[in-house]
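In what follows, chains carry the letters A, B, and so on, assigned in the order in which the sequence lines appear, proteins first and then strands, with residues in each chain numbered from 1.
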Amino acid sequence: MPAAATRPGEGVTALRPRPSDVVKRVGSVATPHFDESRTREEFRAVKRHMLTRMQAGPNEAGLDPKTILITSASPGEGKTTVTLGLAMSFMFERGCSVVLIDADMRSPELSRRMGLSDEAGLLDYLEDDSLEIADIVYPTSVPGVFAVPSGHPRIIAPELIASERMREFLNTLHAQDPDRIVIMDSGSVLASSETISLAGHAGQILLVTAKGQSRRADIDDSLGILHRQAGPIDESRVAIIFNKTDRSESPVRYSQRQ
Amino acid sequence: MVGLLFSLLFEEVRKIWCYRWMLAATSAAVFAAGAAYIVSLPDTYESWAQMFVPERTPLSEATEDVSLVNKDFGNPYVIQRTLLNDASLAKIITELSPETAPKDPRKMESATGALRSRIDLDFGEDGFVEFRVRDTDPVRAQKTTQLLLDRFIAESVERNVRDLAVASSFLDEKIAEYEKLLLDSQGRITALQNRYPQLAMVAVAPSPDTAGELASARAAYAAARSAASGTQRPVSAPQDQAIADLQNRLASLLTQYTEQYPDVVAARRQLAVLQAQRAQYLATAPAPTPAADPAVAAASGRLAAAQARARSTAVRGVPAEISAQWAELQRNHELLSSTHKELIGEREGAKIAEAIYGSPTAKYQVTRAPTTPVAPSGPNRSLLLALAAVAALVVGVGVAYARAAVTGIFVSPRSLEETFQLPVIGTVSWEPAWHIKRTKHTRKAVGYTKTPALPAS
């Protein structure tokens with residue numbers, strides 16, 4: 001008999017193998033109140049681009065394009081929103097599973113939104129060799145979408161992220177399912193040093209910029225840092241998403257429902 | 001091209017829109033400061049007066065030919081240029097408030113400059129002059145206008161009197177000089193008459209032109225004679241008239257017939273005969289005498305008349321050079337007397353002009369005396385506030401634009417792509433739903449599912 005439904009974040013304590021019927025609850029993102037979501041279509045457009053890159057296979061550096069890093073130049077530009085939106089968009093792809101990793105150690109917004117702030121997560125796994133991947137991967141209310149919270153904060157978080165165990169973790173996720181897509185929601189490049197380490201594992205980097213908010217100098221510095229420390233940054237690996245635009249500026253057009 | 005410009009312009013507008021709150025705050029602050037200043041401005045009162053300065057007055061018209069000056073005298077042009085100089089304005093400031101008038105030259109200069117900026121003089125071409133003075137104190141505005149009016153009239157009259165006095169003084173000097181010269185001339189005439197008493201018997205003084213007239217008549221007669229004696233041919237022949245008639249008839253025939261026509265042939269034959277006769281006549285006729293020439297006859301007549309006049313004026317028993325000297329003295333005396341009379345006439349004209357232009361009422365009529373204004377004439381607060389609002393908006397837009405430019409924000413995917421040469425693969429509209437507060441209603445959207453965890457690695 002499956003365990004009773006619990007409120008988000010409740011019922012899972014930590015670092016032990018779980019019963020298979022433990023329910024992990026992820027608060028779904030509030031969607032607009034119309035059927036055909038403009039935002040959904042916009043994410044579809046982004047998804048199409050990323051899927052096209054995935055079909056091209058690993059790049060010259062051997063990085064898997066199915067490992068996606070979502071970052072920004074500065075905090076507050078909408079990385080977590082874009083991460084969740086992309087995940088929900090990938091949900092519609094048949095045979096596709098998505099693992100969302102909250103790699104923003106300074107502001108684990110993704111974990112909070114999903115109600116997994118107090119759960120064992122990535123940092124716990126990286127530090128404790130006794131933990132297994134299954135201990136930190138949580139299902140969500142969206143079929144095919146799994147979540148890895150950030151875990152309990154640690155001072156040595158940047159070092160843990162940069163460790164070999166992180167690479168093995170990502171490789172294992174892909175090995176379990178070749179069609180699996182791993183999306184890492186990291187901190188901003190200028191505020192988090194872990195992002196640089198994570199960029200070294202990502203085959204695709206999505207730079208989130210916000211209209212009227214992102215500064216040219218910050219973006220420039222961010223791209224420079226990524227290029228110098230995480231490998232060549234070019235249009236085959238890095239793409240930009242323009243967030244917080246007005247509806248009137250959306251390329252998606254809708255007609256009024258009759 | 002136009003579309004590109006519009007899109008670029010629209011992009012700049014969107015950048016400014018991103019800082020709309022900064023724009024609003026800046027505009028509000030600037031407008032508030034401007035409005036406070038405008039409201040605090042003191043009311044301004046304007047007092048004005050009008051005067052009529054005609055070019056011609058009845059008096060100047062009546063004395064036009066005897067007055068020294070013409071219609072342009074008394075033109076207020078010079079006055080308008082000097083009325084607002086520092087000296088005049090300093091006097092006005094001192095007269096307005098003797099106790100508080102600045103003593104320091106620098107302060108006085110500053111005060112005169114401030115006063116000058118509040119005065120408007122309008123010299124219309126129709127003769128009307130308007131004086132306008134603006135001041136925060138209506139009484140002071142009226143007093144200043146009155147002082148300006150009085151000063152204008154006083155300086156105009158003073159200038160006229162001064163100029164005419166200078167002219168009168170000059171004329172007096174000249175008259176005195178000529179009286180002295182006349183006395184000298186009369187003395188010399190008397191001395192010559194005393195030496196040659198027969199000169200005194202000449203009732204009429206010899207004409208100063210007698211000798212000159214005689215000389216010119218002689219020269220004209222000699223020239224006419226030489227011209228007449230130089231020509232050797234007679235003026236006309238008896239056949240001239242017949243030849244002229246025949247030539248006219250021939251010309252008339254040629255308009256109708258050819259040269260072979262019998263009448264034309266006959267006319268030509270007859271003309272040749274007449275011309276031959278004329279030539280023969282001219283060759284054998286005697287040359288006319290110079291006296292027969294009409295020009296010579298006229299010159300001769302003129303010479304005879306001149307000689308007769310010279311004989312009548314010559315004084316018997318007096319050497320020629322004395323006669324000449326006597327004639328010259330008489331001539332000079334008459335000249336001096338004539339000039340003296342003219343100067344006396346001018347002097348009288350100057351006195352008449354002094355009477356005309358030395359009186360303030362003769363030319364300057366105050367048509368409107370200055371009054372103390374009751375209602376303020378300015379400042380136009382509504383207009384100033386509107387201008388302040390526009391200026392505040394402009395400043396706000398400028399600040400917002402500068403902020404956007406300094407910050408280097410982006411408002412379109414195109415600019416991002418152009419700047420970083422990286423593809424912008426999508427835009428995400430600003431969905432309020434992403435950021436609304438989680439209410440009971442939205443919590444219901446949370447689904448409870450039982451999903452197995454990932455298989456252990």
Side-chain angles (χ1 to χ4, degrees), chain A residues 2 5 8 17-18 20-25 27-33 38-39 42-43 45-46 49-50 78 81-82 85 132-134 137-141 143 146 172 176 206-207 209 211-217 219-220 223 235 238-247 249-252, chain B residues 7 10-22 400 403-457:
Chain A
R18 310 181 179 282
S20 60
D21 60 346
V22 165
V23 176
K24 279 292 172 204
R25 185 149 312 155
S28 68
V29 179
T31 56
H33 296 295
R38 181 190 309 272
T39 309
E42 289 166 349
F43 276 111
V46 175
H49 181 93
M50 307 191 84
T81 302
V82 169
E132 295 178 359
I133 291 179
V137 178
Y138 298 81
T140 69
S141 59
F146 299 87
T172 304
Q176 287 175 351
L206 210 56
L207 189 69
T209 59
K211 176 192 169 186
Q213 185 178 333
S214 300
R215 301 184 181 194
R216 175 178 178 160
I219 300 173
D220 228 353
L223 290 173
E235 60 182 17
V238 178
I240 299 176
I241 278 191
F242 200 43
N243 192 20
K244 299 186 183 179
T245 59
D246 296 331
R247 290 187 185 185
E249 298 168 18
S250 171
V252 178
Chain B
S7 68
F10 192 51
E11 202 167 297
E12 299 301 321
V13 170
R14 281 193 286 177
K15 284 183 185 176
I16 294 171
W17 182 250
C18 289
Y19 289 99
R20 57 191 177 277
W21 300 116
M22 180 180 288
R403 178 84 171 114
V406 168
T407 308
I409 58 174
F410 295 92
V411 294
S412 69
R414 181 191 61 83
S415 54
L416 265 175
E417 282 190 357
E418 285 177 359
T419 305
F420 299 107
Q421 298 299 310
L422 289 172
V424 177
I425 61 175
T427 62
V428 177
S429 303
W430 184 249
E431 284 281 351
W434 293 96
H435 298 273
I436 60 174
K437 285 186 182 175
R438 297 188 185 273
T439 62
K440 195 160 56 170
H441 179 70
T442 56
R443 283 206 192 98
K444 281 186 182 172
V446 173
Y448 287 81
T449 65
K450 294 181 183 178
T451 309
L454 282 176
S457 57

Look up atom CG in Leu416(B) and atom CD1 in Ile240(A), then write down how far apart they are to the nearest 0.5 Å. 5.0 Å
Where does Thr419(B) contact chain A at under 4.5 Å (heavy atoms): side chain, backbone, both or neither? side chain
Quick check against the 3.5 Å criterion: does Thr245(A) have a side-chain atom that pairs as donor or acceptor with the backbone of Val428(B)? yes
Residues in ring pair (Phe, Tyr, Trp, His ring centres under 6.0 Å) contact with Tyr19(B), at least two apart in sequence or another chain: none
Give, as side chain, backbone, both or neither, the part of Leu223(A) having an atom under 4.5 angstrom from any heavy atom of chain B. side chain
Heavy atoms, side chains only, cut-off 4.5 Å: are Thr209(A) and Ile219(A) in contact? yes
Atom group of Phe410(B) that falls short of 4.5 Å from chain A, counting heavy atoms: both
Examine whether an atom of Leu206(A) lies under 4.5 Å from a heavy atom of chain B, and if so say whether it belongs to the side chain, the backbone or both; otherwise answer neither. side chain
